[in-house]
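Structure, as structure tokens:
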Amino acid sequence: MQPAIAPTTAIEPTRLCDYRPPAFWVDRVDLQVELFDSHTVVTATLALRRNRQSAQSLDLVLDGAAELQLLAIHCDGEPLSPDRYQRQGETLTISGLGESAELTTRVQLDPAANTRLEGLYRSRAMYCTQCEAEGFRHITFYPDRPDVLAEFRCRISADKQAFPVLLSNGNCVASGDLDAGRHFVEWHDPFKKPCYLFALVAGDLAVVSDSFVTASGRTVALKIYVEEKDLDKCDHAMRSLKAAMAWDQQRYGREYDLDLFMIVAVDDFNMGAMENKGLNIFNTSAVLANPSIATDATFQRIESIVAHEYFHNWSGNRVTCRDWFQLSLKEGFTVFRDAQFSADMNAAVVKRIEDVSLLRTLQFAEDAGPLAHPVQPQSYVEINNFYTVTVYEKGAEVVGMLHTLLGERAFRQATDRYFEHYDGQAVTIEEFVSAMEEASGRDLQQFRQWYWQAGTPELDCHWQWHEATGMVTLTVAQQCPPTPGQATKVPFHIPIRVGMVGANGDLALSADGATEQLLELTARRQQWQFGPFTEPPVPSLLRGFSAPVKLHVDYSEEQLLHLAGCDSDGFNRWEAMQQLYQLAVHAALAQGADSPVSAPLVARFEQLLNDPHLDAATAAQLLTLPGESELFERWQPIDPEKITAARNSVRAQLVAASAESVRSRYYALQSDQPYAPSSDQIGQRALKNTLLRYLCEFAQGEPLAVAQFQQADNMTDQLAALTALLAAADSSAAGAALSSFYQQWRHEPLALNLWFRAQATAPGVEPQQLRALLQHPDFSLTNPNKVRSVVAAYAMANLGQFHRRDGSGYQLLAEVIIQLNAINPQIAARLVVPLTAWAKFAEPYRTAMRENLAAIGNCGELAKDLAEQVEKSLGG
Ligand code: TRP
Ligand code: ZN
């Protein structure tokens with residue numbers, strides 16, 4: 001049966017080529033926000049000035065969501081007559097304005113009914129805002145676009161007892177008591193900003209305070225606001241914040257500019273965190289941690305998100321985006337900066353491996369599917385759908401390639417120039433790239449294709465050793481598959497770091513003695529000569545993953561084993577191991593899951609387990625096979641059952657053959673040091689818990705996991721034991737561990753999310769168990785963290801179960817998405833992504849995925865977030 005195609009709702013996209021400067025600027029905005037139990041009143045006074053450069057109509061067009069109840073409208077102190085303004089859809093048009101005007105609107109809102117979590121909403125007992133990308137129009141009428149920069153004042157009033165803390169951007173300039181138990185606080189932000197950086201918080205919050213002295217000697221007050229019960233979970237975020245402030249001064253010469261920097265933790269939040277000027281708002285999951293409720297991964301995630309949001313103060317706030325097509329200007333650059341920071345704070349190679357794995361699993365899949373788009377998209381229906389791994393992670397890779405091509409010195413000169421020249425302005429990616437060109441004197445015209453063309457370039461590499469001359473010829477050809485709207489591509493400018501590995505390690509590449517070279521591939525096909533060498537070397541290509549491409553090289557198993565052992569590049573040693581695992585999975589796919597894994601790989605696996613010189617974090621990475629989703633990208637049409645079985649067969653054999661080494665290394669990694677989220681300890685726990693999982697799955701490790709579960713004094717070890725038990729061949733101990741975990745943590749929402757996630761990602765979980773979790777009293781569809789812990793975890797991190805032949809996994813996802821469409825369209829649209837890849841799958845998966853996608857399309861009134869995703873993935 002052919003599924004019905006979703007009705008094509010005519011949704012007009014916004015296009016980059018239609019960008020026009022605004023007809024009016026807003027110089028100052030005065031907001032008065034009155035919070036009442038039943039409703040909120042927002043009075044906004046805008047100081048408007050006509051933009052002489054604009055060819056726009058004479059009218060002022062303000063954005064304002066349909067649910068805003070307009071109570072009053074005044075212009076220059078007089079009520080505006082009804083024939084001078086008109087509401088239509090999401091806009092308010094005002095005619096007859098002169099060169100400048102003072103416009104006042106008063107609107108009424110219902111934040112308690114706002115489950116979309118954009119604009120002003122309630123989360124538990126507090127009020128907070130989320131204005132990026134287009135949330136401000138849900139608060140008041142305003143030119144809701146990032147190129148309108150205004151000076152904000154905000155006066156908040158509320159019941160003093162229920163909401164003693166009232167916060168907004170900038171500095172607190174006044175406060176006082178009002179009638180009827182109410183009070184007010186007034187804030188002024190001296191830095192002009194776009195409205196997406198506006199924030200407001202009201203609540204009964206406790207605070208952790210600290211301070212930071214900047215390079216120029218100013219003291220900045222640092223405050224983290226949380227619910228009283230969470231005061232014991234702020235230390236790590238505060239430490240990370242201070243480290244980030246110091247790092248940005250040292251590495252980029254960027255100092256913080258206000259005297260106050262605040263972070264507020266909220267439980268209901270669509271993303272990780274938000275860089276509002278001087279008042280960052282964080283998902284509790286991205287800020288709260290202590291050893292008993294947070295895992296090592298959470299500690300590291302917090303460090304990088306705190307830094308990311310802080311770094312936005314320069315890359316995003318002081319220099320902001322002209323329009324949302326420039327999103328990667330701030331996000332790609334800031335992710336690059338936070339990755340550099342994390343690499344400096346932790347094990348750099350491990351950080352790189354994690355980032356590349358994420359890129360390969362999520363971004364390469366996005367680039368190869370119906371939602372593929374360039375780092376700088378050309379059009380969008382719903383901008384929220386473009387906060388993607390392409391804009392963030394591929395965008396960061398593109399900045400990383402600029403760093404590689406220019407070198408640290410010229411790159412830093414370019415960023416200095418960019419920050420100084422465009423301070424206080426809303427600019428484009430083009431301005432960023434030109435700053436790079438000007439500082440380095442390089443021509444980056446062809447490099448710009450990385451921003452314009454979607455798709456992952458594929459490189460075919462061949463080398464030849466000429467025995468007579470001792471020279472090696474390396475040939476590299478590039479091509480990029482078509483993506484929606486881009487049938488053909490021009491060549492990319494691709495930096496390729498290479499070395500040549502001989503019997504005893506790196507060889508000199510030429511007479512100058514250097515052992516590494518940066519090749520720049522600009523043509524479709526290029527050749528390079530290296531040598532002379534006295535022995536045939538093995539090329540080590542794309543070191544450090546110097547470009548976000550797929551590399552095809554015909555290495556033999558022997559050559560890969562050699563690279564895995566001798567390459568001086570840590571990333572490429574890991575990469576060689578990954579290739580070896582892929583060969584083994586491939587053999588299991590081709591010859592049946594019970595075909596034996598090659599003896600040299602088995603030996604290498606055991607050798608890694610016993611290598612005393614290898615640091616534990618790296619060992620954990622080297623002993624882990626590529627994930628299912630990475631393997632899915634390799635063998636299409638995808639047969640999930642076969643790939644999962646092949647992968648597990650290889651894992652089982654490797655562990656069975658070295659079970660004693662796995663076990664003794666596990667014992668050797670026991671430690672009685674007090675917990676610290678240090679990179680040494682994190683690495684050791686990572687290795688220990690990788691081994692525990694192997695033992696449980698393949699070597700009767702259950703008693704070890706039970707013991708670890710009971711004795712753990714930190715969440716990393718406790719959760720690892722729980723998930724190992726859930727994955728164990730004999731899972732009889734898992735039930736008891738689950739209920740004891742629940743009893744212990746039922747009052748800690750963040751720990752409870754881990755409990756939900758562990759079950760949703762358990763290898764044996766059935767759809768009806770998922771349904772039971774969705775009905776659990778502690779589950780809630782209105783809380784994105786809960787939805788992510790159960791539904792996103794199942795559909796994105798439990799591929800073996802989600803892709804069931806009977807399609808019941810897809811159906812479950814579709815049902816949740818349809819419910820969420822009416823509650824929180826932004827989250828609904830993110831959850832649909834796993835279904836959009838239907839065309840890459842084999843039958844019967846393919847048809848089942850497509851049918852469920854169509855069912856979502858036919859469910860009634862789709863929010864445009866979801867409509868855009870469904871239409872793009874069915875339409876093509
Ligand atoms: N600018 C935020 C960041 O990357 C992203 C963000 C936070 C966001 N909340 C959002 C984007 C809500 C869209 C909608 O740091
Ligand atoms: Zn960001």
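Both backbone and side-chain heavy atoms feed into the values below; hydrogens, waters and symmetry mates do not. First listed ligand is number 1; within each ligand, the first listed atom is number 1.
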For ligand 1, what is the set of protein residues having any non-hydrogen atom at a distance below 4.0 Å?
Q130, E132, F269, M271, A273, M274, E275, H308, E309, H312, K330, E331, N384, Y387, Y392, Q826
What I want to check is whether the side chains of N169 and N276 have a donor and an acceptor closer together than 3.5 Å.
no
Locate the shortest heavy-atom distance separating M796 from R830; write the atom from each residue and the value.
CE-O, 3.6 Å
Restricting to N, O or S, what is the name of the atom of H308 that lies nearest the Zn ion (ligand 2)?
NE2
Distance-only donor-acceptor check, side chains D296 and Q300, under 3.5 Å
no
Evaluate the ring planes of F261 and Y310, with Trp represented by its six-membered ring, and classify them as parallel (under 30°), tilted (30 to 60°) or perpendicular (over 60°).
perpendicular
Which atoms form the tightest heavy-atom contact between V26 and A150, and what is the distance?
O-CB, 3.2 Å
Is the centre of the F432 ring less than 6.0 Å from the centre of the F333 ring?
yes
Round to 10° and report the angle made at the Zn ion (ligand 2) by OE2 of E331 and NE2 of H312.
90°
Taking atom types as modelled, find out whether T428 and Q326 have a side-chain donor-acceptor pair closer than 3.5 angstrom.
no
